[in-house]
**Student:** 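Below: one structure in structure tokens.
Numbering starts at 1 and runs along the sequence shown. Note that these values count all heavy atoms, side chains included, but never hydrogens, waters or copies made by symmetry.
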Amino acid sequence: MVCLTPYGLVLVGLIWGVTNPLMEEGSKEKSNKKESSDIDVGSLFKTLTNWRFILPYAVNQGGSGLYYYLLSSASLSVAPVVSNSIAFLATYFVENKIKKLPFTTSKECFTQITELRWPSWHWTDDSWRASMYLSLIHI
């Protein structure tokens with residue numbers, strides 16, 4: 001019998017990665033109102049009745065259901081890593097396609113990713129970046 005769990009986890013990652021940018025685009029209002037963090041009933045109703053949001057949301061929730069089903073037969077140390085890394089890559093490509101941004105080479109993409117700075121990161125030496133890039137080439 002063939003184990004379909006790895007393929008299912010890749011499918012879940014693809015579902016999540018494709019639907020996340022689509023939900024973001026579908027939830028944007030087409031009005032001239034300024035951005036506000038306040039949620040009123042009217043905007044909530046518009047979002048919940050907008051098919052451009054609801055359809056990707058339903059597919060995303062189906063992917064989540066499949067993910068929880070696959071967790072029964074997958075290793076908990078592997079399943080989140082596989083699904084989330086595939087989702088990250090798919091989100092990157094789908095967002096670039098939606099926003100019509102040019103795709104970059106793998107070296108430029110890796111440089112963009114490693115240029116992210118979090119408040120707790122204080123890297124003074126760039127040798128770690130070169131060693132990580134070289135290790136990714138051989139994967």
Side-chain angles (χ1 to χ4, degrees):
M1 184 173 163
V2 177
C3 180
L4 297 178
T5 302
Y7 301 112
L9 293 173
V10 169
L11 178 65
V12 166
L14 288 173
I15 289 171
W16 285 345
V18 169
T19 56
N20 284 337
L22 294 177
M23 285 190 303
E24 180 183 353
E25 285 295 313
S27 66
K28 291 181 181 175
E29 283 191 40
K30 307 287 191 229
S31 67
N32 294 332
K33 290 179 10 180
K34 72 176 197 176
E35 294 288 324
S36 172
S37 62
D38 296 336
I39 298 176
D40 60 345
V41 177
S43 66
L44 182 63
F45 182 74
K46 280 184 186 178
T47 301
L48 293 177
T49 57
N50 182 0
W51 69 269
R52 288 185 175 103
F53 173 78
I54 290 297
L55 187 63
Y57 179 76
V59 173
N60 188 295
Q61 293 305 303
S64 296
L66 177 61
Y67 177 73
Y68 285 116
Y69 174 75
L70 293 171
L71 280 180
S72 65
S73 60
S75 170
L76 288 177
S77 62
V78 174
V81 174
V82 170
S83 297
N84 291 328
S85 58
I86 296 293
F88 174 76
L89 290 173
T91 300
Y92 173 78
F93 288 113
V94 172
E95 272 189 351
N96 280 347
K97 187 69 174 167
I98 288 174
K99 295 178 181 175
K100 295 179 175 56
L101 298 174
F103 289 108
T104 58
T105 63
S106 61
K107 182 177 180 180
E108 291 169 344
C109 177
F110 182 77
T111 304
Q112 288 173 0
I113 292 169
T114 58
E115 289 296 324
L116 294 175
R117 299 286 185 211
W118 299 100
S120 62
W121 289 11
H122 298 291
W123 302 108
T124 56
D125 183 17
D126 282 342
S127 62
W128 66 272
R129 185 180 298 145
S131 64
M132 284 181 64
Y133 181 72
L134 291 175
S135 66
L136 284 175
I137 293 173
H138 299 291
I139 292 180

**Student:** Treating Ile, Leu, Val, Met, Phe, Trp and Tyr as nodes and any side-chain heavy-atom pair under 4.5 angstrom as an edge, say whether Val12 and Tyr69 lie in one connected cluster.
**Tutor:**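 Looking at the clustering, Tyr69 is in the same group as Val12.
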**Student:** Please check if Leu66 and Val82 belong to a single hydrophobic cluster, counting links between Ile, Leu, Val, Met, Phe, Trp and Tyr side chain heavy atoms closer than 4.5 Å.
**Tutor:**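 Linked within one cluster.
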**Student:** Can you give me the closest heavy-atom contact between Ile98 and Pro21, atom names plus distance?
**Tutor:**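 That closest heavy-atom pairing would be CD1-CB, 3.9 Å.
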**Student:** Taking all non-hydrogen atoms of both residues, which atom of Leu22 and which atom of Val18 are closest, and how far apart?
**Tutor:**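 Reported closest heavy-atom pair: CG-O, 3.3 Å.
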**Student:** Supply the atom-to-atom distance Thr49 OG1 to Ile54 CD1, rounded to the nearest 0.5 angstrom.
**Tutor:**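 It comes to 8.0 Å.
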**Student:** For the residue pair Asn60 and Ile15, what are the closest heavy atoms and their distance?
**Tutor:** CA-CG2, 4.2 Å
**Student:** Nearest 0.5 Å, what's the CG-OG distance between Leu9 and Ser85?
**Tutor:** 10.0 Å
**Student:** Nearest 0.5 Å please: distance from the CD atom of Glu95 over to the CD atom of Glu25.
**Tutor:** 8.5 Å
**Student:** To the nearest 0.5 Å, what is the distance between CG on Asn84 and CG on Leu89?
**Tutor:** 11.0 Å
**Student:** So do the side chains of Trp16 and Ile86 get within less than 4.5 Å of each other, counting heavy atoms only?
**Tutor:**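 Of all side-chain heavy-atom pairs linking Ile86 with Trp16, none is under 4.5 Å.
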**Student:** Under a 3.5 Å distance rule, please check whether Ser83 uses its side chain to pair with a backbone N or O of Pro80 as donor and acceptor.
**Tutor:**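 Side chain of Ser83 to backbone of Pro80, a donor-acceptor pair under 3.5 Å: no, none is there.
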**Student:** I need the minimum non-hydrogen distance between Leu71 and Leu76, along with the two atoms involved.
**Tutor:**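 Heavy atoms of Leu71 and Leu76 come nearest at CD2-CD2, 3.8 Å.
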**Student:** Output yes when a side-chain donor or acceptor of Asn50 lies under 3.5 Å from a complementary backbone atom of Lys46, and no otherwise.
**Tutor:** no
**Student:** Treat each ILVMFWY residue as a node, draw an edge where side-chain heavy atoms are under 4.5 Å apart, and state whether Leu11 and Phe93 are in one component.
**Tutor:**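 Different clusters.
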**Student:** Quick check: do Tyr92 and Asn96 have side-chain heavy atoms less than 4.5 Å from each other?
**Tutor:**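 Touching, per the 4.5 Å side-chain cut-off.
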**Student:** Count I, L, V, M, F, W, Y as connected when their side-chain heavy atoms are under 4.5 Å apart, and connections chain through other members. Are Val78 and Leu14 then in the same cluster?
**Tutor:** yes
**Student:** Which heavy atom of Phe53 sits nearest a heavy atom of Met23, and at what distance?
**Tutor:** CD1-O, 3.6 Å
**Student:** For the atom pair OH (Tyr68) and CG (Leu70), what is the distance rounded to the nearest 0.5 Å?
**Tutor:**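 Here the rounded value is 12.5 Å.
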**Student:** What closest approach, in Å, do Ala79 and Ala74 show between heavy atoms, and which atom pair accounts for it?
**Tutor:** CB-CB, 4.0 Å
